[in-house]
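First up is the structure itself, then whatever we jot down about it.
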Amino acid sequence: MKQQVQKFGRFLSGMVLPNISALIAWGFFTAIFLQGGWFPNEKMAAVISPMLNYLIPVLMGYTGGKMVYGTRGAVVGAVATFGIIIGGSIPMFLGAMIAGPLGGWLVKKLDGLLKDKIPTGFEMLYDNFSAGILGMILVMLCFWIMGPLVEGASNALGNGVKAIVDAGMLPLASVIIEPAKILFLNNAIQYGVLTPLGLADAAEAGKSIYFLLEGNLGPGLGVLLACWFFGKGEAKSSAPGAIIIQFFGGIHELYFPYVLMKPALIIAVILGGSAGILTNSLLGSGLVAAATPGSIFAYMAMAPKGGALPVLAGIAAATAVSFIAASIIYKRSKDDEEEGSFQSFDPLDLSLDGGVKKIVFACDAGMGSSAMAAAALTNKLNKAGINIKVAHTSVDEIPEDAEIILTHTSLADRAKSYNSTARIIAVSNFVEAPEYDRLVEELKKQQ
């Protein structure tokens, strides 16, 4: 069940993550040129609405179609997305995440039925006309039926969230968000749910608190600080490095293992997240677009003019509450001195046969923690004189020719399901995993 939820969440976030640069560009235009921005400019501000209503949804629909059926699915998915955009009167992010994959899936099924029956010499004619006709049908379907349905669902969802905000219950969202993050559903929540809501909200108000719900630096920072001061073993020694990377680099996955290692810390991150949301609600904090990666620099860049201090206050409140709660948990811990040591999923499964040509580090999104860990392992290999490239990828896109796959313990089963022949090395600490050094030693012996 957990793997299925992670897979579905990964699919949703996979439509948004590749287009983050477009979201950031839109966020900069909004923060700088919109009325009330840093340098208001009516002509440049004219770009904001078309980007939000057309460019970003079409990119998301194109990506969703491509994830299902390559470039052919991407084109049909983008055409279908345009129909759902015109069929509604709101920014169709949710609609794009439906129409894009639907277009890709339908053209894939159509090709499965007809592709092998096309006479020789008519392949290009079939490819172009079949996709064009299917695209036309989907545009009409999305315009007349799906567009109004998605708009109604989006409005209902927005009204429900607004009711929660008006009732002052938004801080309770941390009870769901923080545990889900620890299970590596952070990208699914942020980019699959909150970012579409935030973009629609920011289109009306110029900023949105939804961008601050999942990505607040405070809960994780508070836990890492408490571990640095009051923890023990490997966790304590690795916490300072994790703090720097999480706060400045924006890779929040680094604090997940610390909570998984001591589950009571989930209370600290929930309380910290609630404190941050409450502070942001009271101060009217918000960002103009998603801050990604979740670095303090990205937060400040996406803060509206005059809105940086409220955002910082939300981070500070979350950090303080999380730190206090986590400190109490660490101080009351009855574990021995070895508490805080990261255990490998399979610490003895490191013997390797034959030459190794391809190593892959996989994480949920394939961007943050895996990129950092791949760079760290590459540096160790280079220092040892071992010329093996370490790639980074999402756990759902592990290449078939990967011979060694490194991933977090909670993602090891998913990694094995996508490549059952590679050797899986699961780690708990992205920063100072002992498995890195052991793997380098094994590879040196081979050479």
Side-chain angles (χ1 to χ4, degrees), residues 7-23 25-26 47 49-157 191-193 195-196 199-200 203 394 396-397:
K7 187 175 181 179
F8 178 68
R10 165 64 189 140
F11 184 81
L12 291 179
S13 62
M15 285 183 268
V16 180
L17 282 170
N19 301 306
I20 284 297
S21 56
L23 291 172
W26 176 82
V47 174
S49 182
M51 286 183 71
L52 182 70
N53 292 318
Y54 298 100
L55 175 63
I56 295 174
V58 169
L59 285 173
M60 291 168 62
Y62 181 93
T63 306
K66 186 174 183 179
M67 291 170 66
V68 175
Y69 195 48
T71 302
R72 187 164 164 80
V75 173
V76 176
V79 173
T81 300
F82 204 82
I84 211 167
I85 291 172
I86 303 301
S89 59
I90 62 172
M92 277 294 178
F93 310 112
L94 178 60
M97 298 172 84
I98 298 173
L102 176 63
W105 182 78
L106 287 175
V107 74
K108 180 179 181 180
K109 290 298 181 181
L110 183 65
D111 284 355
L113 291 172
L114 302 178
K115 192 81 170 178
D116 295 335
K117 300 177 182 179
I118 303 302
T120 302
F122 288 82
E123 292 85 359
M124 182 176 293
L125 186 69
Y126 165 79
D127 286 346
N128 291 333
F129 273 81
S130 62
I133 293 171
L134 179 60
M136 179 191 69
I137 295 172
L138 283 173
V139 167
M140 293 188 292
L141 174 68
C142 290
F143 179 84
W144 291 111
I145 300 175
M146 292 183 62
L149 286 176
V150 171
E151 182 174 356
S154 297
N155 288 335
L157 182 60
Y191 304 115
V193 180
T195 293
L199 287 170
S394 106
D396 297 329
E397 298 176 354

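It should be emphasised that the depicted structure is a prediction, and the values quoted were computed from it without experimental measurement. For the numbers below, each heavy atom of this structure counts, side chains included, while hydrogens, waters and symmetry mates do not.
The shortest heavy-atom contact between M146 and I98 is CE-CG2, 3.4 Å. Nearest heavy-atom pair across D127 and K115 is OD1-NZ, 2.5 Å. Counting all heavy atoms, side chain and backbone alike, A96 lies closest to P101 at O-CD, 3.8 Å. The two residues Y62 and T71 make their nearest non-hydrogen contact at OH-CG2, 4.2 Å. Of all heavy-atom pairs spanning F143 and P148, the tightest one is O-CD, 3.5 Å.
Between the side chain of E151 and the backbone N or O of L149 there is no donor-acceptor pair closer than 3.5 Å.
At most 12 heavy atoms of other shown residues, nucleotides or ligands fall within 6.0 angstrom of atom OH in Y54. The number of heavy-atom neighbours closer than 6.0 Å to NZ of K109, taken from other residues, nucleotides and ligands shown, is 12 or below. The number of heavy atoms from other shown groups lying within 6.0 Å of CZ (F82) does not exceed 12.
For the pair I145/M140, no side-chain contact is recorded, criterion being any heavy-atom separation below 4.5 Å from C-beta on. Side-chain contact between I85 and V58 is present, with at least one heavy-atom pair separated by less than 4.5 Å. Inter-residue side-chain proximity for I56 and L23 is flagged as met; some heavy-atom pair is nearer than 4.5 Å. Using a 4.5 Å heavy-atom cutoff, the side chains of Y126 and L110 are in contact. When side chains are defined from C-beta on, L199 counts as touching W26, because their heavy atoms get closer than 4.5 Å. Looking at L106 and V76, their side chains never come closer than 4.5 Å, going by heavy atoms from C-beta outward. Contact annotation: the side chain of M97 approaches that of V16 to within less than 4.5 Å [non-hydrogen atoms, C-beta and beyond].
Legend: side chain to side chain donor-acceptor pair (under 3.5 Å) pairs involving residues 73-82, not counting sequence neighbours: none detected.
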